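Lettering of chains follows the sequences in order, A, B, ..., and the numbering in each one begins at 1. Bear in mind the structure is a predicted one, so any value in this text is a computation, not a measurement.
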There are 2 protein chains.
Amino acid sequence: MAAIESRIAARLLAPGDRLPSIRRFAATMGVSPSTVVEAYDRLAAEGLIRARRGSGFYVAATGQPPLKLADAETPKARAVDPFWVSRQSLDADDTVPKPGCGWLPADWMPNEAMRRAMRALARGNETVLSYYGSTRGSPALRRLLHARLVEEGIDAAPEQVMLTGSGTQALDLICRLLLNPGDTVLIDDPCYFNFQALLKAHRVKVVGVPYTPVGPDTARFETVLAAERPRLYITNSALHNPTGATLSPPVAHRLLNAATRHDLIIVEDDIFADFEPEPSIRLAALDGLSRVIRIGSFSKTLSASVRCGYIAARTDWIEGLVDLQIATNFGGPSPVSAELIAHMLAGGGYRKHMEELRLRLVRARRDTTTRLHDLGIEPWLQPRGGFYLWCRLPEGTDSAELAQTAVARNVVLAPGNVFSPSQTASAFMRFNVAHMADPRIHAALKAGTSHA
Amino acid sequence: MAAIESRIAARLLAPGDRLPSIRRFAATMGVSPSTVVEAYDRLAAEGLIRARRGSGFYVAATGQPPLKLADAETPKARAVDPFWVSRQSLDADDTVPKPGCGWLPADWMPNEAMRRAMRALARGNETVLSYYGSTRGSPALRRLLHARLVEEGIDAAPEQVMLTGSGTQALDLICRLLLNPGDTVLIDDPCYFNFQALLKAHRVKVVGVPYTPVGPDTARFETVLAAERPRLYITNSALHNPTGATLSPPVAHRLLNAATRHDLIIVEDDIFADFEPEPSIRLAALDGLSRVIRIGSFSKTLSASVRCGYIAARTDWIEGLVDLQIATNFGGPSPVSAELIAHMLAGGGYRKHMEELRLRLVRARRDTTTRLHDLGIEPWLQPRGGFYLWCRLPEGTDSAELAQTAVARNVVLAPGNVFSPSQTASAFMRFNVAHMADPRIHAALKAGTSHA
């Protein structure tokens, strides 16, 4: 059974292919024909192969394993992997505390501004309410995004900006444009867990580079570039997820030189940028959108419900991405979503909202640090902004085990190894400081750490 | 140059690989070293390869051609292919008549219902306004969709329905789950043009089966299944795009039997279903969602701006699709979009809106038929519903040429061959009857047909 299964998995036997005859396969394997009959019958019962009367056994198409990204069929039986965290965070009901989630509480978001934007749109043009919109997406929102690039000193044309269904979809389209199965992609270790899930769907090889408090370890970065010749590097320069670290200018300069030398393309995911107290250095600005691609979204700052992301890149790549977005989504985000975002970004209210959020997060980081300290849990560094604290657990505590015991108490955590391509972060946990006030979290952490 | 280019395209030379030395390559090709030097220099100027001082030439990574779906770089220089129609329809401004487009005019859509739904949402729960939502999408909308399946006699569980960012994205996720590069996929000839664009992005082999007024040619269907062993068949059973034909019960029965015999999976895109005067037969209902997957969206009936699609399928496939949607989009459609759709579907207004649309379309089909008849343009059949007329042009008129001359006059048409995998529909044109009233269309058709 295993011999046939592995050949099907490796696609040495494709759907519709005839299996070896019972007699021949028995001889090959050195077993009796009745053993082969039994194995074939069991494989047929499992739906992997099918018998055709009088003509032997064939590989079934519906039995061919579909692309499998996660380890188990049922969410509950799953290992603690990136999908585990995503599904727990997204599907647990709203009363469950989720310090492992990647968004702010609903009552921290600019809901009044959203309601106003909606009412304005409800009075607006019926074209926006009913048509697909243009291939690059809402001109109003793209103008705002282009102005921001210019502010950063990036000399881009307005046509170099396109909207996407989400920040994740932006990255997905870029991977579809630039990667072939089997290519190598570089990511930070640790990095945002869904990068790994996404790259798995692209069937590429993933290599991690250790992340330091000032960016990726440059020596390792250069070694990996020379040895593995990755095609793409995906990173957050501002308030790196999960560490909260910020890329330093000398590291940025060295990364970009290495990228140029080895012809590496860089995707800079700017999703947390507006949480910085002061703008830090950006690869896209240094490079001027030549080999760096900028992506971002508004899910962390305005609304994760009104989904919309964007890409700023070389014009020829944008043309290819527009075609890909037509082919795979027949256009970009909901024009309604893009207009809502544009409406919320356009006024002076956005700057004020972000100032309030930043202040609130300073307090939340401080309070969380104190609370965690009492449990022997210490931040790896104090971030300049944002809502994550990347923390080391007390000696002897495994973060995946802690996450499992916490979920049994209805608390969703984000354990270290889901962020780590090398699986070397079992002693770490990412906490979302905006979700830490619920006393059930403290209780779950206390019960699950070795301190208890 | 061609020898190196083709090796790079075939990935026999990967990014970073060293090219053969000038002396060695000259010997291999039987040319002088100076010829090779010139070829290498030109390839370097094109960015395909790079010189490293003192160590020869290497394949450039950024020079590696990205996935190219369309024929030319600039939209204007493009051949009349599926992307040409999509881009022209989506990007031409609203004053341009677009009888080639695939949606209804804005003032035919239920804009007042949409405005009401928006105002209701603007008063609603802040959770819906700001969170990502659950992995399968809005429970309210999924309940409505599940009830419709039950009405069709499909005994599905509520968990077998998931929402997606669009109907196209639904199909894209299914292809990602079930296809491997190099697999064979069956489509109708003619079929919705974007199916071909999408399948190109999946790098699969596409085989077309001639479509008849009662469905695909069953004899050819069976022959192709035996000869090509396709993994997937994608079709519209109700009001087939572009022909407007409807699948007949005996053809449906025969298709499904052949699919079972050859282990073929079928995707039934139900996007035009609500335009039928009476429901016709459905493969998903015959089969009970065993090997048939149902997809659909609301872009044709409610709004193309509020994007939302859905999938109904086997539970194990849905689990895989949910993971894929997390990996590639971190969840489904905007919860805001899904709630707007649910709001508009829930009341009695939807049934009334569709009744009005159907009546309006009966008149538009009749008027268009008369107008086109005057130009010697005749429908291939009179559809039972929907907004397409698939028409034969006067003898000697090439539809791609007609579309090019029309676009020069600011009229966007959808010429036959963009729908035809075998490129055998140059004498046909798809007309959207809801967009045919503008006199500029008649003038452009008159100028471009052989009649003129």
Side-chain angles (χ1 to χ4, degrees), chain A residues 15-16 60-62 66-67 69-70 73 83 86-87 90-91 94 106 109 111 114-115 118-119 121-122 126-132 134-135 165-166 168-169 172 176-178 194 197-198 201 229 231 263 291 303-307 316 319-320 323-324 326-331 334-337, chain B residues 15-16 60-62 66-67 69-70 73 83 86-87 90-91 94 106 109 111 114-115 118-119 121-122 126-132 134-135 165-166 168-169 172 177-178 194 197-198 201 229 231 263 265 291 303-307 316 319-320 323-324 326-331 334-337:
Chain A
T62 42
L67 180 62
L69 297 177
E73 291 300 326
F83 291 102
S86 301
R87 285 195 174 224
L90 294 168
D91 285 337
D94 293 335
M109 300 303 270
N111 298 304
M114 169 73 85
R115 292 181 207 278
M118 265 188 183
R119 285 192 297 263
L121 206 60
E126 63 188 17
T127 303
V128 172
L129 297 182
S130 60
Y131 279 169
Y132 283 95
S134 63
T135 54
S166 64
T168 307
Q169 204 214 3
D172 186 48
R176 287 179 106 151
L177 183 77
L178 296 173
N194 205 51
L198 175 72
R229 300 189 312 218
R231 177 123 170 91
D263 242 333
R291 65 175 61 253
S303 164
S305 174
V306 176
R307 307 210 66 192
D316 57 335
E319 289 293 337
D323 280 339
L324 258 172
I326 290 170
T328 61
N329 200 38
F330 204 66
S334 291
V336 157
S337 296
Chain B
T62 42
L67 180 64
L69 297 177
E73 291 301 325
F83 291 101
S86 301
R87 285 195 175 224
L90 293 168
D91 285 337
D94 293 336
M109 300 303 269
N111 298 303
M114 169 74 84
R115 293 182 206 278
M118 265 190 185
R119 286 193 296 264
L121 206 59
E126 62 188 18
T127 303
V128 172
L129 297 183
S130 61
Y131 279 168
Y132 284 94
S134 63
T135 54
S166 64
T168 308
Q169 204 215 2
D172 186 47
L177 184 78
L178 296 174
N194 205 51
L198 175 71
R229 300 188 313 216
R231 175 120 170 94
D263 241 333
I265 301 167
R291 64 175 62 252
S303 165
S305 174
V306 177
R307 306 208 67 194
D316 57 334
E319 288 292 337
D323 281 339
L324 259 171
I326 290 171
T328 61
N329 200 40
F330 204 67
S334 291
V336 157
S337 297

Leading residue by heavy atom contact count with chain A [cutoff under 4.5 Å; candidates B:Ser130, B:Ala122, B:Ser303]
B:Ser130

Among A:Glu126, A:Met114, A:Arg119, residue most engaged with chain B (heavy-atom pairs, under 4.5 Å):
A:Glu126

Between the CG atom in A:Asn194 and the CG atom in B:Asn329, the distance rounded to the nearest 0.5 Å is 10.0 Å

Contact summary for B:Met118 and A:Leu121, nearest pair of heavy atoms
CE-CD2, 3.7 Å

Just do the side chain to side chain contact (heavy atoms under 4.5 Å, CB included) check on B:Asp91 and A:Ser134 with the steps written out, would you?
CA-CA 5 Å; B:Asp91 285 337; A:Ser134 63; 3.2 Å; yes

Considering only heavy atoms, which portion of A:Arg229 lies under 4.5 Å from any heavy atom of chain B: side chain, backbone, both, or neither?
side chain

So, taking the atom named CG in B:Leu90 and the one named CD1 in A:Ile326, what distance separates them when rounded to the nearest 0.5 Å?
6.0 Å

Chain A contact via B:Thr135 - which portion, at a heavy-atom distance below 4.5 Å
both

A side-chain contact here means heavy atoms from C-beta on lying under 4.5 Å apart; do B:Arg307 and A:Tyr132 qualify?
yes

Shorter than 4.5 Å, heavy atoms on both sides: which option in B:Asn111, B:Leu129, B:Leu198 has the most such pairs with chain A?
B:Leu129

Roughly how far, to the nearest 0.5 Å, is CG of A:Asp94 from OH of B:Tyr131?
6.5 Å

Any side-chain heavy-atom pair from B:Phe330 and A:Ser166 closer than 4.5 angstrom?
no

Please report the interatomic distance CG(A:Leu324) to CZ(B:Phe83), rounded to the nearest 0.5 Å.
7.0 Å

Yes or no on side chain to side chain contact (heavy atoms under 4.5 Å, CB included) for B:Thr328 and A:Gln169, after CA distance, side-chain angles and deciding distance?
CA-CA 6 Å; B:Thr328 61; A:Gln169 204 214 3; over 6 Å; no

Looking only at A:Ala327, A:Ala304, A:Ser305, A:Ser337, most heavy-atom pairs under 4.5 Å shared with chain B are made by A:Ser305

4.5 Å side-chain heavy-atom contact, A:Met109 and B:Thr127
no

